[in-house]
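Down below is the structure, laid out as structure tokens.
Labels below follow one simple rule: chain letters A, B, ... track the order of the sequence lines, proteins then strands, and each chain is numbered from 1. This structure is a prediction, so every number in the text was calculated from the model and none was measured.
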Amino acid sequence: MAVVRTFHLPHYEAYPVHICLFSDVTNAAFLRRQLLEANPEFDYAFLDASMILTPTHLLTATFLALHSTLTHRAKTRTPHSELVFRLHPNNNIGEAYRKFGIHDTSTHVIAVKLGLPYSGGGGEGEGGEGEGEEGGKGGEGKDGDGEGIRTSVSAASVSKHLGDHVQGTSVEISADGGNLGRWCDVGKVRKVYKLGDGKAGKGKGKRGGDVGGMDGVDGDGDERKEMESVIMGIMTIKGS
Amino acid sequence: MSPPLDPTPVDADADVDVDTDTAPLHTLPPPFNLSALTPLTQGAEALVYTTTFLTSSTHVVLKYRPPKPYRHPTLDKRLTKARLLAEARVLVKCRREGVQVPAVLGGDWEEGWLVLEFVEGGTVRGVLDGWAEGVRIMGGEEKVWALMGRVGRAVGRLHEVGVVHGDLTTSNLMVRGPSPPEGRGGGEHMQRQAQSDPEPDILDGEIVLIDFGLATQSVHEEERAVDLYVLERAFAATHPAAEHLFKEVLRAYGESFKGAKVVLRRLEDVRLRGRKRSMLG
Ligand SMILES: Nc1ncnc2c1ncn2[C@@H]1O[C@H](COP(=O)(O)OP(=O)(O)OP(=O)(O)O)[C@@H](O)[C@H]1O
Ligand SMILES: [Mg+2]
């Protein structure tokens with residue numbers, strides 16, 4: 001059994017978000033292959049934990065994925081691929097998977113399962129969707145949002161399924177999601193969102209968009225908070 | 001006071017009037033509904049609410065531009081989208097460059113809404129009103145002077161990164177700090193604070209620029225000077241005593257970045273033109 005933390009986002013409380021965190025994962029290649037083969041049993045967003053800065057970073061992508069799915073404007077095939085897509089600063093879905101999805105060698109993994117009525121098939125569509133413009137509209141109407149959620153997804157089912165198939169250590173996520181950013185590689189995140197190298201001191205005279213520069217202190221709380229607030233904006237306006 | 005004449009005609013229209021008073025004027029875009037929102041202000045263009053976002057402890061501002069019934073729906077959608085997106089882009093740019101503005105946390109241009117970081121504190125307008133009412137005798141003069149310096153540097157910083165605000169008023173400048181108890185007044189609050197000081201004082205707060213609905217990306221001295229001119233007028237209109245404070249805003253602005261002195265010179269032309277125009281009109 002894996003430890004699941006279930007989040008309910010304000011305004012989308014009806015759609016629970018189940019999240020698991022794993023360290024020392026040894027079968028990422030297997031998990032990734034299930035996605036590539038679109039195995040419907042493995043309909044999750046599997047993320048490399050080194051690319052998640054803070055819980056809010058992940059919840060922003062989750063909100064945007066729920067929102068575009070539920071308003072029938074998703075740009076990818078499934079809600080979970082939409083989540084991965086929403087993390088990325090541009091519209092290239094393949095690149096989004098390469099940067100944020102798990103790799104064959106990933107050791108720290110975050111798995112997200114959205115409690116949506118119909119999640120469609122698995123499948124990340126890696127490479128196949130190019131710029132990800134059109135992607136399936138996900139069956140307009142038939143998912144009947146608003147008439148209650150008919151879904152077999154529960155924290156217990158996620159816990160059992162991931163516990164059975166992810167080889168690694170299940171790490172309990174604190175109530176505020178605090179440790180979701182624990183294995184973040186802040187430098188890599190800076191690079192993907194083009195936030196500068198963080199070496200410019202904070203304060204006046206700071207030039208060239210070096211977000212939250214802290215004189216070399218890496219991964220500091222204030223620095224992350226400042227990065228997060230810029231990243232949320234980038235994710236929100238991307239593709240518009 | 002004598003009872004006013006009843007302005008409501010007693011006829012069949014009466015209950016229509018009652019309805020528009022109580023019922024929401026607009027349906028909100030998904031996923032929002034009124035039960036989870038607290039109205040903050042209702043301007044001509046935007047409805048502003050507070051709510052929570054992503055987590056139940058994250059307080060945010062929801063800015064919604066409802067459709068304008070008198071505009072063609074397609075055109076209206078396009079204009080709303082363009083404006084909201086421009087606002088969001090400028091905010092993200094500012095935030096990236098370290099200019100103090102609310103972070104963009106979410107949004108949907110098709111539907112006309114934007115979620116912004118909630119800035120705890122009050123508007124410069126409210127703070128100046130409170131100060132004029134209460135704190136002046138308590139030796140708040142120096143603090144207000146310092147605050148004006150921060151206003152000047154905040155605007156300078158904005159201009160330096162290549163953004164012109166377009167609607168610089170004392171309501172579109174906020175001061176981070178403890179929120180005044182109700183709305184923007186706060187005279188009483190200020191007095192209380194001046195007496196038992198160790199608490200954080202809003203006069204010491206950092207300036208945050210808000211409301212980028214009319215902002216543009218520009219480095220032209222003329223547009224920068226117009227920004228200052230608009231702010232100068234706003235100061236004069238906010239409070240008579242505030243007018244002389246504006247000198248300090250300009251002084252600090254002038255020292256805040258390389259091109260600032262040129263802008264100040266240009267401001268004199270803009271003022272002249274403004275005066276001529278008002279003599280003509
Ligand atoms: N991020 C924020 N945090 C706290 N209060 C805010 C924030 N944004 C706006 N407000 C409050 O709401 C008021 C109105 O907001 P804003 O100026 O953005 O809208 P507006 O003037 O109606 O919009 P517009 O001029 O673009 O049509 C502000 O004067 C301020 O009191
Ligand atoms: Mg305003």
Fill in: Interface moiety of L105(B) toward chain A, non-hydrogen atoms closer than 4.5 Å
both
Worksheet item: Taking the six-membered ring for Trp, are H57(A) and F100(A) parallel (under 30°), tilted (30 to 60°) or perpendicular (over 60°)?
Response: perpendicular
Worksheet item: Counting distance only, does the side-chain N/O of H165(B) pair as donor-acceptor with the main-chain N or O of I210(B) below 3.5 Å?
Response: yes
Worksheet item: So which of V104(B), L54(B), V92(B) has the largest heavy-atom pair count under 4.5 angstrom toward chain A?
Response: L54(B)
Item to complete: Check the surroundings of atom NZ in K93(B): do more than 12 heavy atoms from other residues, nucleotides or ligands lie under 6.0 Å from it?
Response: yes
Worksheet entry | Top contributor to chain A interface from S56(B), G106(B), P31(B), S35(B) [non-hydrogen pairs under 4.5 Å] | P31(B)
Practice prompt. Could you tell me which of M227(A), H11(A), H67(A) has the largest number of non-hydrogen atom pairs under 4.5 Å with chain B?
Written response: H11(A)
Worksheet item: Side chain, backbone, both or neither: which part of T51(B) has a heavy atom under 4.5 Å from chain A?
Response: side chain
Worksheet item: Is it true that a side-chain atom of T216(B) and a backbone atom of S218(B) form a donor plus acceptor pair closer than 3.5 Å?
Response: no
Fill in: Identified side chain to side chain donor-acceptor pair (under 3.5 Å) counterpart of Y253(B) within the set R157(B), K261(B), E248(B), H159(B)
H159(B)
Discussion item. Looking at N172(B) and D167(B), would you say the former's side chain and the latter's main chain have a donor-acceptor pair under 3.5 Å?
Written reply: yes
Item to complete: Using non-hydrogen atoms and a 4.5 Å limit, figure out which bit of N33(B) sits close to chain A: side chain, backbone, both or neither.
Response: neither
Item to complete: Measure distances from I234(A) to the heavy atoms of chain B and classify the residue's part below 4.5 Å as side chain, backbone, both or neither.
Response: both
Item to complete: Sort out for me which of T62(A), T60(A), T56(A) touches chain B most, counting heavy-atom pairs under 4.5 Å.
Response: T60(A)
Worksheet item: With only heavy atoms counted, which part of L37(B) is less than 4.5 Å from chain A, the side chain, the backbone, both or neither?
Response: side chain
Discussion item. Any non-hydrogen side-chain atom of W113(B) less than 4.5 Å from a side-chain atom of L28(B)?
Written reply: no
